[in-house]
Amino acid sequence: MTSSLSPPEVPNELYVVNREKLIKSLRAHLSSSSRPHQGFVFLQGGEEQSRYCTDHDDLFRQESYFAYLFGVKEPGFYGAIDVATGDSMLFAPRLPDSYAVWLGKIKPLSHFKEKYRVNKVFYTDEIVHVLLDLYKEKGNPLLFLLHGLNTDSNKLSKPADFQGIDRFKIDMNTLHPILAECRVIKSDLELALIQFANDISSEAHIEVMKNIKVGMKEYQLESMFLHHTYFFGGCRHCSYTCICATGENSSVLHYGHAAAPNDKILQDGDMALLDMGAEYHFYASDITCSYPVNGKFTPDQALIYNAVLDAHDAVISTLKPGICWVDMHKLAEKVILESLKKGNLLEGDVETMMGERLGAVFMPHGLGHFLGIDTHDVGGYLKGAERPKEPGLNSLRTSRELSEGMVITVEPGCYFIEALLLPAMESSKTSKFFKHEEINRFRGSGGVRIESDVRITANGCINMTKCPRKIEDIEAVMAGAPWTID
Ligand code: GLY
């Protein structure tokens, strides 16, 4: 195993840029409602969690908003930004002496000041007096806390809490939509990290493509990917649990979880659907490759694969600022349905199929999602925006128009999911579209997804993912041909 990549240095200017962007947006918002530029943005970082009642701590990963503004890798911190001056502060936990015995040297506050490029660092037990002291001439300061809905998980972010918070004025409504929106448009420094996560993950996918063999276990594919991204890319975390599905498992959209743990033996004739992405310094990649485990596409596998590839390529060649994501989902569905019709699996008018939402039978998930510090990154639905209600479209994680600087996944798929297919084949509205005998040949074959991470530019987009996609390229790589990540 080799790699042409090595993990890049992460400039600590990244958090300075992110904080400046937030303060600029927040001040503009405050000005628009004639409010003073005063108070503190105040966030609580993540806490280490132990496993159930044991003393075993799961590996800590920072909360994403805190990571965005401060980049702090350690648990137990708070962070503040003075809205008036833009000055930033961290509050570090005061660690017990035993820390130095079990967990390493206790770092001085100056270490965190330099590492995270903030103006000052104090201990968490100093929060109240530091913040009150800074505002002693102006009365008790206002704290802008983070409180709002994550539209993917439907969960609320946890506003900061600490002893003595009752001595401050609190604003729980202003910060969340502004900070989420800052995260939607990526800076060049963020894009460089997402690009590295993509490069190392693309390379790892290619490594798996070269080494996959009939008779292996699905988890061996996961293991190869994890080894490559960690060994060569320093990626200790994955963006999400690896989906290494083969055969019929590839129609299980979120396969790979604890109850379906990537443990099937690869059979000759299986398609593999491998959805794996490494996280580099908090920033995600999210890549899916689909191919036959024996290295040679059958005509039926090629039919479904090319239907999905044509949808993937049609969307990517259309993306640019101003394009509506819901229209892209519909474009992908249309291309897939047209291919299935051409391939003699469906019959009838494709527009009528679209009207009956037949596309959602074959692609029940949304076309893609924002990508950044979270795999399903924030900002998919602006406050007040309604989620579409029709089948398929209701799975979309965003319905927004695209803008320069967004990063979004393009991940069309075509699956033969019995729970959707059989009712649709029997329904009086949709039965007529299916060539039943032909479709039956594909039942149990699983599905195909092709997923790339795409960055929207001023005039179009750049595909950040560098895996082979054309059938002839995949077959060549699987037969040993080189494929370079440049
Ligand atoms: N690719 C994994 C996910 O989007 O959940």
Side-chain angles (χ1 to χ4, degrees), residues 61 64 150-155 183-184 194 197-202 204-205 208-209 218-219 221-222 225-226 229 235 237-246 249-262 271-280 282-291 308-309 311-312 315-316 325 328-329 332 360 363-381 387 392-400 406-415 417 446-455 463-467 469:
R61 195 276 195 182
S64 296
N150 181 309
T151 53
D152 288 298
S153 65
N154 228 13
K155 291 181 189 157
R183 282 177 55 185
V184 171
I194 299 173
N198 257 275
D199 288 350
I200 195 71
S201 298
S202 297
H205 268 283
V208 176
M209 212 176 262
E218 291 166 336
Y219 59 70
L221 314 177
E222 176 176 16
F225 180 87
L226 296 177
T229 54
C235 300
H237 293 276
C238 264
S239 310
Y240 51 91
T241 305
C242 291
I243 298 170
C244 295
T246 59
N249 294 339
S250 53
S251 65
V252 179
L253 300 178
H254 282 171
Y255 185 73
H257 56 92
N262 294 335
M271 278 293 282
L273 183 160
L274 307 179
D275 185 345
M276 305 185 281
E279 174 180 305
Y280 183 67
F282 299 126
Y283 283 86
S285 60
D286 185 353
I287 299 176
T288 309
C289 296
S290 299
Y291 47 87
V308 177
L309 183 61
H312 170 271
V315 168
I316 290 180
W325 192 241
M328 291 301 93
H329 182 99
M363 184 172 80
H365 59 71
L367 175 64
H369 49 82
F370 290 143
L371 181 81
I373 293 189
D374 290 317
T375 308
H376 300 157
D377 213 23
V378 294
Y381 287 92
R387 201 174 264 272
L393 302 177
N394 56 4
S395 298
L396 279 166
R397 294 180 188 276
T398 184
S399 60
R400 289 178 65 166
M406 287 176 172
V407 176
I408 194 156
T409 66
V410 176
E411 49 176 307
C414 179
Y415 314 88
I417 303 171
V448 166
R449 178 159 67 249
I450 302 174
E451 179 177 23
S452 298
D453 303 341
V454 168
R455 154 189 180 189
N463 188 346
M464 305 174 92
T465 303
K466 298 175 180 170
C467 297
R469 295 306 196 189

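From a predicted model like this one, the values you see are computed outputs, not experimental measurements. Note that these values count all heavy atoms, side chains included, but never hydrogens, waters or copies made by symmetry. As the structure lists them, so they are numbered: ligands from 1, and atoms in each ligand from 1.
- Note: no N/O pair closer than 3.5 Å links Thr375 and ligand 1 by distance alone.
- In this structure, the side chain of Ser399 does not engage the main chain of Arg387 through any donor-acceptor pair within 3.5 Å.
- Checking side-chain atoms of Thr288 against main-chain N and O of Ile450 turns up no donor-acceptor pair under 3.5 Å.
- Close contacts of ligand 1 with His376, meaning ligand atoms under 4.0 Å from a residue heavy atom, involve 3 (C), 4 (O), 5 (O).
- Which parts of ligand 1 touch His254 is read off a 4.0 Å heavy-atom cut-off, strictly below it: atoms 5 (O).
- Remark: side-chain polar atoms of His205 are paired, donor with acceptor, to backbone N or O of Ile287 under 3.5 angstrom.
- Nearest-heavy-atom check against atom 2 (C) of ligand 1 across Asp275, Leu371, Leu253 picks out Asp275.
- Within the 6.0 Å centre-distance limit, the rings of Tyr415 and His365 are counted as a close aromatic pair.
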